[in-house]
Number of protein chains: 2
Amino acid sequence: MSETEQTQKRSAGRKATISREDIIEAALRLVGPHRSISSLSLREITREAGIAPNSFYRHFKSTEELAVCVIELAGSTLRKVIGQARFRAQELNKGIVRMSIETFIEQLTSDGHYLPILLREGVVGSDRFKLAVRQQLNFFEQELTEDLIAIAQRTSSTPARPELIAKAITRLVFAMGTDALDHPKEDHNEMIDELVMMIKMLITGAHAIARNQPVN
Amino acid sequence: MSETEQTQKRSAGRKATISREDIIEAALRLVGPHRSISSLSLREITREAGIAPNSFYRHFKSTEELAVCVIELAGSTLRKVIGQARFRAQELNKGIVRMSIETFIEQLTSDGHYLPILLREGVVGSDRFKLAVRQQLNFFEQELTEDLIAIAQRTSSTPARPELIAKAITRLVFAMGTDALDHPKEDHNEMIDELVMMIKMLITGAHAIARNQPVN
DNA sequence: AGTATTATTAGACAAGTGTATACGAAAGAC
DNA sequence: GTCTTTCGTATACACTTGTCTAATAATACT
């Protein structure tokens, strides 16, 4: 009996080794439709990770640092996914816009909840948070701008204010994504259609305007 | 001495009467760029209002109820302001779009912070929160749809999917508004220009598409 | 006037929070 | 092997939180 107690105490009293990733995963497990990272308490996270509260500090200076870390992870993961979608779109000869949007919305319900995190954390929390999220948004915007320019050149038309369109599209997609978050998955297809239509409106509108006012 | 003590105790020990409005105002004073209503604690609010924690319950069942109340107040106030802007636009013969957007962005920095509240609370918090915010967004969308139809009829062209445009515009405006929140006021004019341009793209794009595919 | 009702308070409770200090186990250096 | 350093833990502290109970001030009623 004392033996079991001892072995138990040994295994329970000390974790072999804790990695930053373990803590991040624990945090990811906790965020949900009603919990933003900013609202997670240090103790909650360590409890979920199965470690002592103080151990947290060995890996992160504060919960804020962890949050920024998670945001960056979410952003880079998502960009990777979308990048693959663009690639697949070329292979399948499917519309780049539609393919990207579909992939994006898919990410709403995929594991890791990276997209919801990005959608949420940009609005609340400290300046560091918002900055981190805005940075990720900017990355999206930038890549999209390049895409638009490339497409325009391929169709041998002058790109009509690609940065502005990219900005609008990014905002639209993220806003509609936030919307979709609170809708059942059955509605997603319809929302995708709407979103694709909106984007087409934007692009054709930009072209129409550019044609009427060549240099403004 | 005992007299002063007594009078002090009388005035300090008991507030004459507390109104729901007092509590709402206190809450409004506390929300800022880094604090959402959802993150306010009951005690914080009562402290700010200068009342005892328990007194809160006489007026609101929970902080959630207060929050929903504030959201609705923010929404109706804003719709009123935008409505006036539309009216003024007709008088001044200024573009309705531009006028509305200008008014909207102005509200970002106006007292009460109604717009920031609406922008923030839709993303975090309980379902009741989100529902309340979504409802306000829907009101905006609805009014905008009617406007679009009216404008289209005035220019005697068939309205091209007004609900969809209204949805897109609403999302765009709110998203860009959130953006503007974290930018200094000097940048707002430029952002207004961008936003107006985006909206024009949307509308002309919608018309162009409708013209090419009359009935789809 | 005096009484009844209602609104506000004070005080206390258990639970949860972030963090400081001090201690013990694991692993690396020699 | 021992020594040192690193890493995880335990305990403790002061603080905040939401809510319960009971007491008391203000108001309304007659």
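Here is how names work: the chains are called A, B, and so on, in the same order as the sequence lines, proteins then strands, and each is numbered from 1. For the numbers below, each heavy atom of this structure counts, side chains included, while hydrogens, waters and symmetry mates do not.
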Is it true that atom CD of Glu65(A) has more than 12 heavy atoms of other residues, nucleotides or ligands lying nearer than 6.0 Å?
yes
Give a yes or no on whether a salt bridge exists between Lys167(A) and Glu141(A), defined as a side-chain N under 4.0 angstrom from a carboxylate O.
no
Compare side-chain N and O positions of Thr17(A) against OP1 and OP2 of dC7(D) and report whether any pair is under 4.0 Å apart.
no
Which nucleotide in the set dA10(C), dT16(D), dT9(D) lies at the smallest distance from any side-chain heavy atom of Ala52(B)?
dA10(C)
Quick one: CG on Leu40(A) to CD1 on Ile45(A), what's the gap to the nearest 0.5 Å?
5.0 Å
Members of residues 54-63 of chain B that approach DNA chain C, where some heavy atom sits under 4.0 Å away:
Asn54(B), Ser55(B), Arg58(B), His59(B)
Looking only at side-chain N and O atoms, does Arg47(B) come under 4.0 Å of OP1 or OP2 in dT17(D)?
yes
Enter the distance from Glu194(A):CD to Asp187(A):CG here, rounded to the nearest 0.5 Å.
10.0 Å
I need the CD-C1' distance between Glu48(B) and dT17(D), as an integer number of Å.
18 Å
Before accepting this row, confirm whether a basic side-chain N of the pair Arg35(B)/Glu44(B) lies closer than 4.0 Å to the acidic partner's carboxylate O.
yes
Using whole Å, report how far CD1 of Ile23(A) lies from C1' of dC7(D).
12 Å
Interatomic distance, CD1@Ile192(B) vs OG1@Thr103(B), rounded to 0.5 Å, equals 8.5 Å
dG18(D) P sits how many Å from Leu66(B) CG, rounded?
12 Å
Between residues 32-45 of chain A and DNA chain C, which residues have a heavy-atom gap below 4.0 Å?
Ser41(A), Leu42(A), Arg43(A)
Ring pair (Phe, Tyr, Trp, His ring centres under 6.0 Å): pairs with one or both residues in residues 40-77 of chain A, sequence neighbours excluded:
Phe56(A)-Phe60(A)
Salt-bridge test for Glu121(B) and Lys130(B): reply yes if a basic N is under 4.0 Å from a carboxylate O, no otherwise.
no
